[in-house]
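Accompanying notes for the structure given below.
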Amino acid sequence: VPYMTPALLKVETKEEAEKIITDLPKADIAFFHHALAGSKGVEFFDEIVIDKDKLKHELVVGGHVHTPEILAKNVIVAGNLMTQSVGEHEKFIWKIDTATSLIEQIKLPVRGIYKVEIDKTLALGEIPNNSIVKAYVRDREIDLDIIKEYLNRFDASIIIEQYENERAKVHWE
């Protein structure tokens, strides 16, 4: 089921569009490029979100949402194949054996994107060298040259300086 909008389905509302999609004929396996209710973050989507409990299929594989997860015994959100946002460290492909109904989740080699808070200890935890690191520095006394040198081990990095500002009180006389 490709990604559709209410307009493409010739209806006015997302609810009418969802009804058309959930009334599709039953199939053993259905692949949806729509957000499935219960997936992380879909409560903020302003588009068609399919209620997984209304689907009649033996196995439902959803796309569109970046975070992979298993929503029910027969409902999988496959996730995106590539990291795109901070916090994405793992990606998978899913192998479905239609003869045995076994589903295998296969981890892909990816470049994770990490957000870290830099302090004077430079303790970043276990981050693989082939990662992208977004480093926040909030202490003006931290030597940025040391941070730059330390971050050179990663494939890519960016330093975000966010210092607390204190406004000086100005007296007008």
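These values consider heavy atoms only, across backbone and side chains, with no hydrogens, waters or symmetry-generated copies. In this text, all values refer to a predicted model and were calculated from it rather than measured experimentally. One-based numbering along the sequence shown.
- Side-chain contact between V133 and V116: present, with at least one pair of heavy atoms (C-beta onward) separated by less than 4.5 Å.
- By the neighbour-count criterion of 12 heavy atoms within 6.0 Å, atom NZ of K56 is densely surrounded, having more than that number from other residues, nucleotides or ligands.
- Transitive grouping of hydrophobic side chains (ILVMFWY, heavy atoms separated by less than 4.5 Å) keeps V75 and I96 in distinct clusters.
- One distance of note links OH of Y136 with CD of Q162; it measures 5.5 Å at 0.5 Å rounding.
- Shown here for L81 and L108, the closest heavy-atom pair between the two residues is CD2-CD1, 3.6 Å.
- Judged purely by atom type and a 3.5 angstrom limit, H89 uses its side chain to pair as donor or acceptor with the backbone of I113.
- Note: the hydrophobic cluster containing V110 does not contain Y114 (ILVMFWY, side chain heavy atoms under 4.5 Å, direct or indirect links).
- A donor-acceptor pair under 3.5 Å is formed between the side chain of T83 and the backbone N or O of R111.
- With a 4.5 Å cut-off on side-chain heavy atoms, P6 and K14 count as touching.
- Contact between I118 and A135 at its shortest, heavy atoms only, is CG1-CB, 3.7 Å.
- Residues F31 and V65 fall into different hydrophobic clusters, defined by Ile, Leu, Val, Met, Phe, Trp and Tyr side chains chained together at heavy-atom separations under 4.5 Å.
- Within the 4.5 Å cutoff, the side chain of E18 has no heavy atoms near those of the I21 side chain.
- Under a cut-off of 6.0 angstrom, the local environment of CD in E104 is crowded, with over 12 non-hydrogen atoms contributed by other residues, nucleotides or ligands.
- Between the CG atom of L151 and the CD1 atom of I132 there is a distance of 13.0 Å, given to the nearest 0.5 Å.
- Taking 4.5 Å as the limit, every side-chain heavy atom of D28 sits out of range of all side-chain heavy atoms of T98.
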Check your understanding: Would V42 and L36 satisfy side chain to side chain contact (heavy atoms under 4.5 Å, CB included), going step by step from the backbone distance to the final call?
Key -> CA-CA 8 Å; V42 298; L36 298 170; over 6 Å; no
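- Note that the NZ atom of K95 and the CD1 atom of I103 stand 13.0 Å from one another [nearest 0.5 Å].
- Considering NE2 of H66 and CD of Q84, their distance stands at 4.5 Å, rounded to 0.5 Å.
- In this structure, the separation between CG on L71 and CD on E69 is 4.5 Å, given to the nearest 0.5 Å.
- Taking the six-membered ring where the residue is Trp, the centroids of H64 and H34 are separated by 6.0 Å or more.
- Note on L59 and V77: separate hydrophobic clusters, where clusters join Ile, Leu, Val, Met, Phe, Trp and Tyr whose side-chain heavy atoms are under 4.5 Å apart, directly or indirectly.
- Annotation for K134 and V86: closest pair CD-CG2, 4.0 Å, computed over non-hydrogen atoms.
- From D139, atom CG reaches atom CD of E161 across 11.5 Å, with rounding to the nearest 0.5 Å.
- H57 and N74 make their closest contact through O-ND2, 3.4 Å (heavy atoms, listed as atom of the first residue, atom of the second, distance).
- Summarising the geometry of L9 relative to I48, their closest heavy-atom pair is CD1-CD1, 4.3 Å, with the distance given to 0.1 Å.
- By the criterion of side-chain heavy atoms lying less than 4.5 angstrom apart, applied directly or through intervening Ile, Leu, Val, Met, Phe, Trp or Tyr residues, L55 is grouped together with I20 in one hydrophobic cluster.
- Counting only distance, with no hydrogens or angles, the side chain of K26 and the backbone of E58 share no donor-acceptor pair below 3.5 Å.
- Closest non-hydrogen pair, F154 versus S131, comes out as CB-O, 3.5 Å.
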